[in-house]
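Note that the numbering runs from 1 along the sequence shown for the chain. Treat the numbers as computed from the prediction; the structure is a model and nothing was measured.
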Amino acid sequence: MNPEAPTVLRCAGRSVARYTTRPGLAADHSPRPYLHPVTTLAGRPVTETVPEDHPHHLGAGVAVPDVAGHNFWGGRTFVRDLGPVELDNHGVQRHDGFKLCDPDGFVEELSWTAGGERLLREHRTVAATALTDTAWALDLTFSLTNVSGRDLSIGSPATNGRPGAAYGGFFWRAPKEATAPLVFGAGTGGTGTGGTTGSGVAGSGTTCSGVAGEEAVHGARGDWVALSGEGWTLVFAGATARTREDPWFVRAAEYPGVGSSLAHDGRLPVGAGETFVRRVVTVVADGRLDRDSAAALVRKAVAS
């Protein structure tokens, strides 16, 4: 890919994100468009890219570790009975162009290619909406169509034998700070990472309503989950019924990141010519939000 200047996303008269369409990255990073830096309205960065712990993490965007055996996540590939293995199987999300590009959002066409073959066509929509003087929402929808001419399936390290690692789909890498962020789901206030209240069970695919802490929210389903760091809060909401069926992938203690799992309990089949769609709306707020404030902003953001 030939690097080009990022597209600037604006909200409430301020620059709140930059979108890189053709990053100059090594093949093993699975080059793809991404948002970074994303900031609060006060200018505090809430994304991180190419961090030392996971150099293939690229801000906020869409990444999938297994599309018919091709790696669109970056880094090593988890192989059943072998563990993480360095393979020459990385794909590229190619930016084909913008159908629309306004200061507060864009509509983009992409091709997912690997091994010289175009596997998926993507239609991606990103929009920024002001919510309050201290919060705005990033609305990201991706629609993926199988254009390979054959049936494909999407997997994750979890479906390939690594329990609790069902990452792949929408993913947001937040900045690592001295203290791990607070994590909580719909229906409960925030506690420290690892705190457990309510009935959610990590990796179980149960609901995360009424739970707090990484272990309780990770792997559970819920309307939204929140990550709250030093002077910022991110609230991630599944904005369609189908998106809310995907469990949340949550990390806080090891590194701060949240995603929506496309392949949690099993591989996601995508027949030839078939399309699937997901929409995640992220509230980006200054300060630490409590449960009620987070819920109110999610309702406003999803209704916008």
Does the side chain to side chain donor-acceptor pair (under 3.5 Å) test come out yes or no for R94 and S111, once each step is laid out? CA-CA 5 Å; R94 186 184 71 220; S111 293; 3.2 Å; yes
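- D66 places a side-chain heavy atom less than 4.5 Å from the side chain of R267.
- Judged by distance alone, the side chain of D102 and the main-chain N or O of D104 form no donor-acceptor pair under 3.5 Å.
- Remark: the backbone N or O of S156 is not paired with any side-chain donor or acceptor of W73 at under 3.5 angstrom.
- Within a 6.0 Å radius of CG in D133, other residues, nucleotides and ligands contribute 12 heavy atoms or fewer.
- Proximity of the aromatic rings of F249 and H218 is defined here by a centroid distance below 6.0 angstrom, and this criterion is met.
- Between Y19 and F98, the ring planes lie tilted relative to each other; the angle falls in the 30° to 60° range.
- Taking the six-membered ring where the residue is Trp, H54 and H56 present perpendicular rings, their angle passing 60° and hence far from 30°.
- Under the 3.5 Å distance criterion, the side-chain polar atoms of T21 are left unmatched by any main-chain donor or acceptor of H95.
- At a threshold of 4.5 Å between non-hydrogen side-chain atoms, the residues P65 and F72 do not count as touching.
- Note on ring orientation: taking the six-membered ring where Trp is involved, the planes of F236 and W248 are tilted (angle from 30° to 60°).
- Summarising the local packing, CZ of R288 is surrounded by more than 12 heavy atoms from other residues, nucleotides or ligands at distances under 6.0 Å.
- In this structure, the side chains of E108 and P33 come closer than 4.5 Å at one or more pairs of heavy atoms.
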